[in-house]
Every structure is written in C-alpha cells, then in structure tokens.
Amino acid sequence: MIGYAFCGSFCTMQRSIKVLRSLCAEGNRVLPIVSDSVYTTDTRFGTAEENVKKIEQICGMPVVHSIVGAEPIGNTLRLDMLVISPCTGNTLAKIAGGITDSTVTMAAKAQLRSDRPVVIALATNDALSANLENIGVLLKRKNVFFVPLGQDDPKNKPHSLVCDFDMIPVTMMSAFAGRQIQPILTSPALTV
C-alpha cells in the first residue's frame, strides 16, 4: 500500500490529485493522508470538503487526518512508500528538524522509523531562501527522495521551487530501488 499525503500548497492540489487518480487507476492501493490545513481550509482553489471528498472517492477509503490516525504507520500499518505531494516548506522544515506535530509529519516519522521510502514533491515559495538548508538536510537523509523540481516563476518569485508533478511516478520507482532520480533540478522553469 502507498501512503499519499497532501499539504496546504493549495495552488498545486489539483495537479497532485491528478497523479493520485493515475496511481489508483493503475490498481495501486493508496491510503490518503491530509494535513489539518487541507482538512479544514477553504480557498479560492476549492473547499476543504470538496478536496477531501474527491480524494476519498479516488482512493475508496477515508482520509487519515489526525496524528492519532497516522501514528500506526510503520508499525501496524506498513506502507511500501509514502508520497508527500504537495509538500509545503513548513512540512519540509518540520521533517528536517524531526518535529512531529501534524498528521503528515507523524506519517513521515512513522514511515522513516521503519526504514521505508518517503518521496517529497515540494512546492514552496521559500525553497531557495529559508528552506534551502532543510532541502540539503533531507537530501542526505536515508530513505528520503525528492521529485525533480525547478523555479516556477524566477522573475516574480525568485526563491520558489515547485516539483514536476509528472515525475512523481518515475521518482517513486527510483525510490523503490533506493536511488534519488537525477537530475534533481529541472530546466527550463516550470509553470504552475
């Protein structure tokens, strides 16, 4: 079973949901996991209820949306892989610092403590500033793999990086083999 976790990069949610739909259509069993912000926040990109309902329909099971619900991952609920897509800079920083105060960070901690792969599909406006150090920390960490990423708007958001969502499946295959897919930086710039 694959765990698929959503964080609150709301402008990229639909791109991630498209990948989720493809993974499920291929016959994968997928456990949906959502952060508190995804579970409770309505935005111009959709309501929390709409997003959660869509994710649950695609996966055919309810979302995990609490720390208590995510805690069994790794012990009694063994996932072959955890994909965090989109992964915000906030969640990235917490994983890098070992902070476990949310559903998604608990899922990541639980997955990593059982030496199983975590794939990070990053989407954050501060990747090339405040979060650059955290990217470096996690690139060195065992069983953490990044989806290739690039600047989505270098002129107006020079510190922002967004993963290439279309590369999630091939990154997953590479992570199963224990390898970081290369190149990790894409060019030309991505568009959101």
Side-chain angles (χ1 to χ4, degrees), residues 1-9 12 16 19-20 22-24 26-35 38 59 63-124 126-128 130-150 161-186:
M1 179 182 292
I2 298 166
Y4 200 99
F6 290 85
C7 298
S9 174
T12 62
S16 187
V19 175
L20 175 67
S22 176
L23 289 172
C24 290
E26 292 171 0
N28 294 295
R29 279 190 63 218
V30 179
L31 176 68
I33 303 163
V34 298
S35 68
V38 171
C59 295
V63 298
V64 173
H65 61 88
S66 68
I67 292 174
V68 171
E71 195 278 331
I73 293 170
N75 289 332
T76 58
L77 181 57
R78 290 203 174 267
L79 300 176
D80 298 311
M81 174 173 293
L82 173 65
V83 177
I84 305 173
S85 172
C87 181
T88 60
N90 183 50
T91 297
L92 181 83
K94 289 177 179 185
I95 294 169
I99 298 168
T100 308
D101 66 350
S102 72
T103 307
V104 176
T105 58
M106 175 55 82
K109 173 188 174 182
Q111 182 74 355
L112 290 170
R113 74 179 170 213
S114 63
D115 285 328
R116 294 178 184 266
V118 173
V119 170
I120 295 178
L122 190 63
T124 181
D126 68 351
L128 295 175
N131 257 307
L132 187 58
E133 181 178 357
N134 297 319
I135 293 170
V137 165
L138 290 175
L139 279 171
K140 296 185 298 184
R141 190 156 304 158
K142 181 181 175 188
N143 293 317
V144 176
F145 305 91
F146 281 82
V147 176
L149 43 94
L161 291 177
V162 175
C163 76
D164 182 345
F165 287 89
D166 293 335
M167 296 290 291
I168 291 174
V170 70
T171 304
M172 291 171 66
M173 294 304 294
S174 185
F176 275 130
R179 291 187 314 269
Q180 171 62 55
I181 191 169
Q182 297 294 339
I184 194 167
L185 297 177
T186 61

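Positions are given from 1 along the sequence. Please read these numbers as outputs of a predicted model, since none were measured by experiment.
Scanning all heavy atoms of the two residues, the minimum distance from A70 to V64 falls at N-CG1, 3.6 Å. In terms of heavy atoms, S174 sits closest to Q180 at OG-C, 3.9 Å. Looking at every heavy atom in both residues, I184 comes nearest to F146 through CD1-CB, 3.6 Å.
Side chain of N28 to main chain of L23: a donor-acceptor pair is present (N/O by atom type, distance under 3.5 Å, no hydrogens or angles).
Residues satisfying the salt bridge (Lys or Arg N to Asp or Glu O under 4.0 Å) criterion with R179, sequence neighbours excluded, are absent altogether. Among residues two or more places apart in sequence or in another chain, the side-chain hydrogen bond (donor to acceptor under 3.5 Å, both in side chains) test is passed with D126 by T124, N131.
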Applying side chain to side chain contact (heavy atoms under 4.5 Å, CB included), run through I84 and I95 and close with a yes or a no. CA-CA 11 Å; I84 305 173; I95 294 169; 3.7 Å; yes
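From L92, atom CG reaches atom CG of N134 across 5.5 Å, with rounding to the nearest 0.5 Å.
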Could you give the side-chain donor-acceptor pairs of residues 1-8 under 3.5 Å, partners two or more places apart or in another chain?
unit_1	atom_1	unit_2	atom_2	d
Y4	OH	S16	O	3.2
Y4	OH	S16	OG	2.9
Y4	OH	S85	OG	3.2

Less than 3.5 Å apart, which donor and acceptor atoms pair up between the side chains of residues 112-121 and the rest of the protein, not counting sequence neighbours?
unit_1	atom_1	unit_2	atom_2	d
R113	NH2	E71	O	2.9
R113	NH2	I73	O	3.3
S114	OG	Q111	O	2.9

Check: residues 99-108 side-chain donor-acceptor pairs under 3.5 Å, at least two apart:
unit_1	atom_1	unit_2	atom_2	d
D101	OD1	K94	NZ	3.1
D101	OD2	K94	NZ	3.2
S102	OG	T105	N	3.1
S102	OG	T105	OG1	2.9
T103	OG1	H65	O	3.3
T103	OG1	S66	N	3.2
T105	OG1	D101	N	3.2
T105	OG1	S102	N	3.0
T105	OG1	S102	O	3.2

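Two residues are said to be in side-chain contact when any heavy atoms from C-beta on lie closer than 4.5 Å; P183 and P148 fail this criterion.
Within the structure, no pair that satisfies the salt bridge (Lys or Arg N to Asp or Glu O under 4.0 Å) test touches residues 130-140, not counting sequence neighbours.
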